[in-house]
Amino acid sequence: MTVEKLRLIVEELPPELHSKVRSAKIRGNDLRLVTGIDDLASLAKHIHGVYQAPLVTMHATDDRAAEDCFKLYVVLSPRGMDAFVTIIAALEPRSQRFVSLTPQINEADWYEREVQDMFGLEAIGHPDPRPLVLYDDWPQGEHPLRKDFPLDRRPPRIKGEYSFTKVEGEGVYEIPVGPVHAGVIEPGHFRFSVAGEPIINLEVRLGYVHKGIEKISESTPYWRGIHLAERISGDNSVAHSTAYCQTVEALASAEVPERAEYIRTVMLELERIYNLIGDISGIALDTAFSVGAANGYLLRERALNLNECLTGSRLLRSVNVIGGVRKDLSANDREKTLSALVRLKLEFEDLVDLMVTSTSLLDRVETTGKLSTEMAVRLNVVGPVARASGVDRDVRRDHPYAAYDRLNFLVPRGAAGDVNARTRVKIDEVRESFSLIDQALDGMPSGPIRTVVENIPAGEMAMSLVESPRGELVHWILAGRERPYRHKIRDASFCNWLAMEEAVLGNIVPDFPLINKSFNLSYSGNDL
Amino acid sequence: MIVEVLQTILLVAIAPLITGIIRKVKAYLQSRTGPSVLQPYRDLRKLFSKGSVVSKDASWVFSITPYVCMSAILVAALLVPVVYARAFGFVGDLIVLIYLLSMMRFFMSLSALDTGSAFGGMGSSREMYISSIVEPTMLLSIFAMALVAGTTSLGDIADGVATNGWDLVAPTLLLAAAAFFIATLAENARVPFDNPATHLELTMIHEAMLLEYSGKQLALMEISSMTKLIIFLAILSNVFFPWGIATDLTVLSLAGGLLAFLMKVLVLAVLIAVIESAMAKMRLFRLPNILTVAFILSLLAVMSFYILGAT
Amino acid sequence: MFKFLKLGVLKKGVQTKPYPQEPAVPYGAFIGLPVVDGAACDRCSHCVSACPVQAISLTEEGVEISTARCIFCGDCAEVCPKAIKMSREFELAATSKEDLRMVYRHG
């Protein structure tokens with residue numbers, strides 16, 4: 001069925017593009033088209049436009065040892081089918097330039113800037129070619145993800161300067177905030193241009209917690225990579241490790257036992273619950289509604305205690321292994337979970353009642369930080385933020401994984417796109433998660449919880465998408481012998497930071513922390 | 001004389017305790033135990049033992065501001081009746097009090113701009129924006145009571161109202177007290193105007209002006225803020241509702257005055273804590289709405305005195 | 001209007017406990033510090049290669065675990081259920097580097 005639709009995509013290509021496709025292969029639900037570098041932009045634009053396919057990821061690999069060139073991979077996800085289109089284009093030998101996709105596909109913006117920094121390639125025609133990951137004191141010519149850059153290399157630092165966008169005008173001044181903030185939060189730099197209190201322009205500069213995970217992954221054996229994946233963004237441990245395990249299992253074409261899939265689903269939803277409750281409480285905290293915040297964090301603590309009860313780890317670490325899950329859920333665990341959830345549900349409804357009936361809180365969150373639907377689509381925003389702006393996309397429904405294709409759930413959406421809409425979407429998602437856990441515990445089949453996965457063929461490519469509490473995240477691996485040859489990770493926050501720059505326009509400076517909290521983006525997941 | 005000096009010392013000494021009580025009550029309302037009520041004393045002791053770091057762009061204004069604020073607030077504390085219905089009236093009256101507080105605010109705003117940091121500048125501009133409506137409110141509401149007692153010396157107002165047995169349900173008194181209460185919340189950086197416990201530097205108003213201070217100077221600024229709060233509470237309890245205050249110097253009436261003062265301040269502190277827990281902080285540009293309400297109330301208080309006359 | 005009281009402290013009471021006066025007991029099968037039964041260890045060093053952060057080493061005296069490096073992943077206990085168990089110990093703060101080494105003697 002899916003294979004037919006993918007074949008149709010190739011057949012329906014207009015003749016001038018059809019001739020440019022050098023090969024078309026289908027593996028699983030992934031259509032791989034190989035084309036030349038000059039035709040990459042037009043082919044990607046065609047599929048992006050005609051099939052309304054958002055960009056899932058775009059990255060490069062360094063194949064100079066084997067094929068004397070760099071390669072670019074563009075992955076798109078056509079609407080309405082559980083399938084992907086991967087376009088692979090090799091750059092000219094010894095060339096480092098390619099035509100930028102950003103003028104046609106706006107969401108490729110940061111992906112191309114990352115490719116420029118990490119591989120030293122040049123995207124011709126990119127509207128904003130400033131460095132994204134590497135800092136001003138990084139010397140020219142040193143590109144970390146190239147194969148000839150050893151893992152332990154420490155280049156000498158030089159003097160350099162980064163130019164922020166300047167806004168000229170009467171009474172306009174710049175406020176630099178961070179990376180050292182007045183509270184204990186992750187580091188990130190925000191450059192505001194304001195005229196009094198209303199914000200005229202915001203520029204976000206991240207990269208302070210870059211840990212080099214993609215590079216480390218290239219020297220980490222597969223079975224150890226789970227620990228690396230869990231620590232990309234600490235509060236999305238299960239989502240990242242599930243995506244990683246699913247990718248490796250897809251590489252080996254291994255079948256995960258059904259019981260393991262159900263347990264993974266329960267864990268993923270538990271993670272979603274504690275994260276979203278924390279987000280909702282954070283909104284109360286940032287508007288100084290202390291009773292709501294205190295009660296919210298109390299609920300989050302109960303959810304974390306439930307996690308500890310079931311898996312021994314508050315943040316659900318060490319849950320996944322390649323081939324399944326590590327620990328089984330006994331009948332006793334099931335009983336404990338169901339009774340804890342009943343109590344959690346009642347207290348959650350109390351919290352929601354407290355927050356939506358507080359007029360002072362509602363006054364702060366309505367019409368603040370509005371993100372329009374067009375902007376959300378243009379920037380390919382993901383997760384609850386996108387759904388609150390009217391974009392209907394949820395990986396659990398569109399590209400089902402684990403046990404989601406066997407469970408019933410709704411995907412909550414909002415239309416206003418302001419802080420209030422995002423909070424309501426998150427509240428509804430928590431309710432759906434409660435229902436999903438109940439269904440998964442009820443319908444869990446008996447059987448083994450893990451299968452042996454060996455024989456990961458070198459040269460094979462696979463990817464996996466998972467809906468983390470923040471949105472869709474992607475792991476893509478090109479397999480090497482015992483470790484990944486190239487591991488591309490894209491956390492949900494990578495897509496959403498640019499949307500923050502749009503959402504704050506027209507709001508006043510004291511509302512910025514509230515908007516930031518309603519997005520709740522991960523600095524660490526973005527920086528990798 | 002001795003009693004007046006002692007009552008000023010009492011005021012400054014229990015100021016951190018009142019702040020501690022407000023935090024404790026807020027903690028209980030949030031279902032947590034919270035720090036002990038004596039914690040502010042420990043915090044101050046810790047700050048006094050630390051060194052301070054001063055930005056090299058700061059001028060002499062930054063260095064003298066903690067001392068200016070501390071001295072202004074101590075002089076203001078002399079003017080307020082606490083236990084005995086007379087204070088150092090010869091030093092000044094209510095107009096001097098209001099302008100001592102203004103001097104404190106002026107120097108704090110200047111020192112925040114002095115270091116050149118963006119947050120200090122934002123804090124100063126927001127502080128000025130709020131105080132432009134709060135100051136006339138404060139002045140008018142105490143002035144309404146001054147009209148009633150016929151004098152502007154705070155001690156004499158307290159004495160006059162207490163001995164003349166003013167009727168509790170008088171509109172002038174209630175309107176003026178309501179206006180002054182709202183002004184208390186605004187001047188002392190309480191929710192819904194400002195969150196005193198926030199870590200978000202972009203939303204701070206009062207805290208933003210203190211961000212650059214450290215060590216001893218920070219301790220002095222904190223004491224000034226806490227004493228300012230208790231001065232406002234003392235004015236609310238002893239100028240607007242002075243029953244119980246000692247009007248002569250006998251031991252019995254002084255003891256009664258002390259008890260009455262402590263009880264009234266405690267009730268007000270708990271009331272502030274409850275109001276802070278009940279609502280979220282208001283949007284910055286909606287604050288003039290509530291401040292103007294307070295101003296109108298104080299205006300009505302003065303007008304009602306002239307319309308209804310003193311009984 | 002009084003929801004913040006009715007749904008707050010009046011319904012729940014005070015929820016915090018005085019730690020450390022009252023001990024904090026972890027729930028369930030909490031994954032804490034790994035503990036080695038020195039007598040049961042037969043020095044196969046599977047645990048050394050299983051550890052992703054090289055926190056375990058085999059020395060003359062016995063098995064040495066560095067609590068500074070350990071990330072509490074549980075891989076060592078999975079590879080050697082005979083001799084290694086994950087305890088519920090989490091109060092691991094130390095004032096000297098020496099205290100961060102746990103040595104489990106052989107035999």
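From a predicted model like this one, the values you see are computed outputs, not experimental measurements. Lettering follows sequence order; numbering is per chain, from 1. In what follows, every heavy atom counts, from backbone to side chain, and hydrogens, waters and symmetry copies are set aside.
Within 6.0 Å of atom CE in M128(B), more than 12 heavy atoms from other residues, nucleotides or ligands are found, so the atom counts as buried in its surroundings. Under a cut-off of 6.0 angstrom, the local environment of CZ in F106(B) is sparse, with at most 12 non-hydrogen atoms contributed by other residues, nucleotides or ligands.
The two residues Y173(A) and M122(B) have their closest heavy-atom pair at OH-CG, 3.9 Å. Nearest heavy-atom pair across H181(A) and E201(B) is ND1-OE2, 3.7 Å. In terms of heavy-atom proximity, M279(B) sits nearest to F289(A) at C-CD1, 3.9 Å. Across all non-hydrogen atoms, the minimal contact from L284(B) to P510(A) is CD2-CG, 4.0 Å. Across R364(A) and R283(B), no two heavy atoms sit closer than the pair O-NH2, 3.3 Å.
No other option in A288(A), A294(A), A284(A) has as many heavy-atom pairs under 4.5 Å with chain B as A288(A). Chosen from M282(B), Q30(B), K26(B), the residue pairing most often with chain A at heavy-atom distances under 4.5 Å is Q30(B). Between chain A and the residues N195(B), L211(B), V191(B), L202(B), the most heavy-atom pairs under 4.5 angstrom are made by L202(B). Top candidate by heavy-atom pairs under 4.5 Å with chain B, chosen from D511(A), D363(A), L514(A), V194(A), is D363(A).
Heavy-atom distances place both the backbone and the side chain of D286(A) under 4.5 Å from chain B. Of the atoms belonging to R126(B), it is side-chain heavy atoms, and not backbone ones, that fall under 4.5 Å from chain A. Contacts of N295(A) with chain B are made by side-chain atoms alone, with heavy-atom separations under 4.5 Å and no backbone atom involved. Contact of E207(B) with chain A is not made at all, since no heavy-atom distance falls under 4.5 Å. Of the atoms belonging to A197(B), not a single heavy atom falls under 4.5 Å from chain A. Residue T198(B): no heavy atom, backbone or side chain, is found under 4.5 Å from chain A.
For the atom pair OG of S290(A) and CG of L29(B), the computed distance is 8.0 Å after rounding to the nearest 0.5 Å. The NE2 atom of H199(B) lies 6.5 Å from the CD1 atom of I185(A); values are rounded to the nearest 0.5 Å.
Considering only heavy atoms from C-beta on, K517(A) stays 4.5 Å or farther from L200(B) through its side chain.
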